[in-house]
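See below for the structure under consideration.
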2 protein chains.
Amino acid sequence: MDKRQQLIHSAFELFYRNGIHAVGINQILQTAGVAKKTLYHHFASKEELIAAVVEYRDEKFYSWLASRLELVKPGYDGLNELFDAVDDWINNRVDLLSDFHGCFFINTCAEFNDPQQPIYQQCQHHKKKINSLIERQIRALGILEPATHHVTDSISLLKEGAIVMAHVQGDLTAANKAKDMAWIVLAAYLS
Amino acid sequence: MDKRQQLIHSAFELFYRNGIHAVGINQILQTAGVAKKTLYHHFASKEELIAAVVEYRDEKFYSWLASRLELVKPGYDGLNELFDAVDDWINNRVDLLSDFHGCFFINTCAEFNDPQQPIYQQCQHHKKKINSLIERQIRALGILEPATHHVTDSISLLKEGAIVMAHVQGDLTAANKAKDMAWIVLAAYLS
DNA sequence: AGAAGAATAGACAGATCGGTATACCTCTGT
DNA sequence: ACAGAGGTATACCGATCTGTCTATTCTTCT
């Protein structure tokens, strides 16, 4: 078991549940069962650890969603799978992603509330990657090319809305509502 | 000028821009131009100040939105106004609300990531109040009663999605996209 | 006039923060 | 066999955190 990975994993769990600024380094060390010297052997600063944690979550979440979408045909099936996946996540049916506490990237942007900051930009980059997964589904539907980006953003908006509704307002059916709306909206574009 | 209000105002501006945990009391005192003793005369702790700041923003935001909705007829006009208001907010055309840095309540839930916490519940309560404004519009549309709550949640989801898209992904047209989707979805319920 | 309340500046306490330093241990590769 | 990398535990540093305390001034009410 790699100590570096252990630190990232423990840090993520604590950050995700309590927020980044509310978690101190000593707490991470205690949880991970790792000495302070070891942390600073792998990372130059807390900031670097945070960056590594964001990257870790990016890879984990993206590869999870991508692999789920690969199980079905792009387009109709893919979009259903997208919202089903979010529904599973919200309702804690995905062990891999830890207990649902909202979107880690939205949460992190809320704490590092400045688009100039590298960590904020990492979060934006993650969202762009997720958007590209959605865009692939939209293209497969045969939507007119000039509308592709607009429709992709609209589906992304529904997905983000579902996550926030589930997190802040506790609506565990939000992903289903978003899915229903997605098909109503898409029908208008496909007619 | 009331010192208590001055503290709340300065604290809000700092919290909204930098996150709550990232802002120290001394920073608030310096910005507000107030002595430490005065702060602890009005508030028992930082926690109490935070609660007062959330309440302050709740009142300010709610009354702003409510008053905008009162200018138009409930129903069709009201829903258009809702998304126009969010669009104005996102694009910094509302001086009253300070520079857009996402939804303060979503951001705060991200930092106090536990539904048991009073501050988290204050944020949930704010969202319920906003939902009631939306529900009034939905009822005026003449939607079948059993669907009212479901449709209200759906519109709320679109609104939250727009805010997050604007904040995290920098899509300043998100509110317009949400408005378009709202009418497509509502048309399906009204037919 | 004089008491009370609200404000000031700033020293101070105790805890915790991120980060460094010291001294020692345990593997592993050549 | 032994050098070096990676690890442990822990003391320590200076800074900063929330919150308390002292001593003094300003304002306001009766």
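The chains referred to below are lettered A, B, ... by the order of the sequence lines, with proteins before strands, and numbering in each begins at 1.
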### Summary
Between its two end axes (five pairs each) the helix from C:dA1-D:dT30 to C:dT30-D:dA1 turns, nearest 10 degrees, through 10°

### Query
So, is B:His42 near the phosphate of C:dA7, with a side-chain N or O under 4.0 Å from OP1 or OP2?
yes

### Query
Please give, in whole Å, the distance from D:dC21 P to B:Leu39 CG?
16 Å

### Task
Using the side chain to side chain contact (heavy atoms under 4.5 Å, CB included) rule, pick out the option among A:Ile184, A:Ile155, A:Val185 that qualifies with B:Met181.
A:Val185

### All ring pair (Phe, Tyr, Trp, His ring centres under 6.0 Å) counterparts of B:Tyr76, not counting sequence neighbours
B:Trp183

### Task
Begin with the C-alpha distance, continue with both residues' side-chain angles, and end with the deciding distance and a verdict on side-chain hydrogen bond (donor to acceptor under 3.5 Å, both in side chains) for B:Asn91 and B:Asp87.
CA-CA 6 Å; B:Asn91 289 281; B:Asp87 187 59; 3.2 Å; yes

### Summary
Here the residues of residues 45-53 of chain B within 4.0 Å heavy-atom distance, strictly under, of DNA chain D are B:Ser45, B:Lys46

### Message
Testing the basics here: between A:Val168 and B:Cys109, what is the closest heavy-atom pair and its distance to 0.1 Å?
### Response
CG1-SG, 3.9 Å

### Transitive ILVMFWY cluster of A:Leu144, excluding itself - 4.5 Å side-chain cut-off
none

### Query
Hey, are the side chains of A:Phe43 and A:Leu7 touching, using non-hydrogen atoms and a 4.5 Å cut-off?
yes

Please output the side-chain donor-acceptor pairs of residues 22-40 of chain B that fall under 3.5 Å, not counting sequence neighbours, one pair per line with the distance.
residue: B:Asn26; atom: OD1; partner: B:Lys36; partner atom: NZ; Å: 3.1
residue: B:Thr31; atom: OG1; partner: B:Gln27; partner atom: O; Å: 2.9

Which donor-acceptor pairs under 3.5 Å do the side chains of residues 95-106 of chain A make with protein atoms, sequence neighbours left out?
residue: A:Ser98; atom: OG; partner: A:Glu13; partner atom: OE2; Å: 2.7
residue: A:His101; atom: ND1; partner: A:Asp99; partner atom: O; Å: 3.0

### Query
How does protein reach along nucleotides 20-27 of chain C, written 5' to 3' as B (base within reach of a heavy atom under 4.0 Å), S (only sugar-phosphate), or - (no contact)?
B-B-----

### Task
Can you sort out the partners of A:Asp77 under side-chain hydrogen bond (donor to acceptor under 3.5 Å, both in side chains), two or more places apart, ordered by chain and number?
none

### Message
For DNA chain C, which residues of residues 18-34 of chain B approach it to below 4.0 angstrom with any heavy atom?
### Response
B:Gly33, B:Val34

### Query
With a cutoff of under 4.5 Å between side-chain heavy atoms, which Ile, Leu, Val, Met, Phe, Trp and Tyr residues group with B:Tyr120?
none

### Task
Any pair with a residue in residues 108-119 of chain B that passes side chain to side chain donor-acceptor pair (under 3.5 Å), sequence neighbours left out, goes on the list, sorted by first then second residue, please.
A:His167-B:Asn113, B:His21-B:Glu111

### Task
Only counting residues at least two apart or in another chain, list the ones meeting side-chain hydrogen bond (donor to acceptor under 3.5 Å, both in side chains) with A:Lys46.
none

### Query
Ion pair present between B:Lys177 and B:Asp171, side-chain N to carboxylate O less than 4.0 angstrom?
yes

